Amino acid sequence: MEYRTTRFSLNSSSTKKTNLNSSNFSSLSINSTNSSYIPYYDTYPENTTISLELFQSLAIERLRILKTIEQVLARLNTTLSVAPMNKKDEIEKLIRKELKDKLNQLKFIIFPSFTGALSIDLQNDIISHYILRLAFCPTEEERRWFITNELELFRYRFQVLTKTEQLNYLNDSSSNIKQFYELVSDEEKKHYKESLMSSIIIKGLTNSSTIAKSFDSTTYFRVRFQHVPDLVRKRSCFLAHGYAYVSDNDIISFVLQHFRMNISYQMTCSSKKYEFIQEMDTRIELILKMLRKKRIHGTHTTMHTFNENEQTETITFDMLNSLSKRSFPLCMRYLHEQMIQQHHLKHLGRLQYRLFLKGIGLSLGECMKFFRHEFVTNGSMNPTQFEREHVYNIRHAYGQEGKHTSYTPYSCMKIIQDPPPSINEYHGCPYRHWDIQTLKQRLINNYDINEETTNEIIDKTKQHHYQIACQIFFEYQHKVKNYGIGINHPNQYFNESRKLLTGTTTNQNTMNNSMTQNTSQI
Ligand code: SF4
């Protein structure tokens with residue numbers, strides 16, 4: 001399947017093409033008579049000239065949007081995985097409403113305008129998309145992250161449209177999507193009436209008159225079954241002769257699949273340009289690196305000028321004991337404790353912990369000292385064995401060996417979904433991988449969490465809300481209420497903790513500011 005150009009203007013019926021800005025966007029033409037637009041990102045903004053500062057600030061703004069989406073999606077997935085079947089739709093609506101509120105707070109423009117001089121919103125939207133596309137095209141994991149969140153952004157925009165506007169989108173004369181669907185005629189709809197109605201029953205409507213009404217008012221689309229894999233997987237569409245019959249309520253699945261294929265294909269093309277950009281301008285390469293870093297560490301800081309040597313705290317290995325008690329999430333605190341007690345960690349524990357340490361800013365030299373100190377000085381490993389078995393791996397994690405890839409620290413999702421620890425292994429997420437009794441005992445006895453908070457954490461853990469349980473632990477440890485960060489990464493936990501403990505937070509709910517100030521130093 002080949003995807004080229006899909007452009008859309010709300011209420012658009014015209015095919016007149018308008019150049020957005022002849023000096024800067026010579027290749028971007030838009031079907032337009034109206035002032036609203038959903039960018040489809042299929043036209044590369046060639047010949048566009050912007051300053052490095054704007055390049056960086058636009059990218060950071062978009063990264064904030066995508067990270068917000070990532071957080072809400074993580075919560076949505078965790079909640080839906082345990083929600084009863086009949087509550088899923090309701091819960092999904094509520095969480096998506098939360099996304100809307102958060103994007104409003106970030107002043108996200110749903111439909112950028114594109115009339116004459118007012119087209120700046122649209123330019124910024126498109127440019128920022130392309131910068132992040134470039135920043136996240138090098139590795140499979142980064143590509144997947146970018147596509148997932150851009151897809152969600154597109155879904156959000158599309159779902160704001162009325163049904164008529166959605167139909168206009170599909171019908172748009174310049175839309176490449178048009179060739180991949182057909183409207184089901186009344187005759188065909190009548191012919192497949194029973195089968196189409198049974199897909200409505202599967203979706204939960206049981207009252208026969210409601211089903212009949214719903215059927216009459218539904219428009220059906222015929223698409224190749226492979227263009228709606230999620231509907232086929234959920235058995236929520238009727239299939240015949242290699243086609244899926246998709247209702248207007250579900251057409252978003254088809255549009256998203258189209259968007260996904262388009263963007264995936266284009267990301268592969270971007271990765272080919274990446275090497276060229278690396279050679280062309282090192283300043284751009286530094287900004288792209290910084291964006292990848294910010295994806296992991298967060299974009300919580302206010303906008304600031306990019307500095308490759310940016311470092312909030314200098315961390316040395318002898319600070320880890322103290323830092324682990326104050327600022328590590330439970331997963332990393334436990335790994336640290338085991339490292340100190342056993343003077344060793346098994347492979348998966350080493351991987352998880354080493355990347356986390358790298359993410360908090362521990363340099364390669366300090367990391368090497370730490371592992372050598374524990375394994376050799378305090379432990380029983382002889383120095384030659386350490387050199388042979390560990391030095392290369394530690395250097396490798398820092399991108400100094402092998403393919404010189406700078407590996408990113410694991411996110412909560414990865415840690416939660418990875419294989420659980422077996423005997424004498426200590427990696428994983430405690431809320432996900434410890435049994436409830438062990439978690440409860442350790443929270444009370446080892447980590448001084450009071451009974452009320454422990455029960456709250458246990459409740460959330462039992463409901464499989466591991467990251468919410470982690471947030472309750474964070475709030476208790478830092479004496480804040482409703483901090484509202486949404487934990488999705490151990491390094492984000494660490495960064496938020498340091499912000500609070502070094503007194504730079506603006507959170508209004510800090511319960512005891514003076515205490516926070518006093519504990520600002522390690
Ligand atoms: Fe670590 Fe994330 Fe689990 Fe918290 S939720 S303990 S940060 S993996």
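Since this is a predicted model, take the numbers as computed values, not measurements. As the structure lists them, so they are numbered: ligands from 1, and atoms in each ligand from 1.
Both tests pass for R133 against the ring of Y130: distance under 6.0 Å to the centre and angle within 45° of the axis.
Counting only heavy atoms of the protein, atom 8 (S) of ligand 1 lies nearest to C429 CB, 3.7 Å.
In the vicinity of C331, heavy-atom distances shorter than 4.0 Å reach the ligand 1 atoms 1 (Fe), 6 (S), 7 (S), 8 (S).
Proximity of P329 to ligand 1, defined as any heavy-atom pair under 4.0 Å, is confined to the side chain (atoms from C-beta onward).
Metal site remark for atom 1 (Fe) of ligand 1: C470 contributes no N, O or S atom at a distance under 2.8 Å.
Note: F154 and Y40 have perpendicular aromatic rings, judged against thresholds of 30 and 60 degrees for the angle between ring planes. In this structure, F356 and F328 have perpendicular ring planes: the angle between them is above 60°, well past the 30° mark.
For the residues S411, C412, G428, the heavy atom positioned nearest atom 7 (S) of ligand 1 is part of C412. Of the options Y431, Y334, F328, F494, the smallest heavy-atom separation from atom 6 (S) of ligand 1 is shown by Y431.
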Quick one, H129 with E150, criterion side-chain hydrogen bond (donor to acceptor under 3.5 Å, both in side chains). Give me CA distance, side-chain angles, the key distance, then yes/no.
CA-CA 9 Å; H129 168 91; E150 279 287 337; 3.2 Å; yes
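Each of Q471, Q477, R498 was compared with Y493 under the side-chain hydrogen bond (donor to acceptor under 3.5 Å, both in side chains) criterion, and only Q477 meets it.
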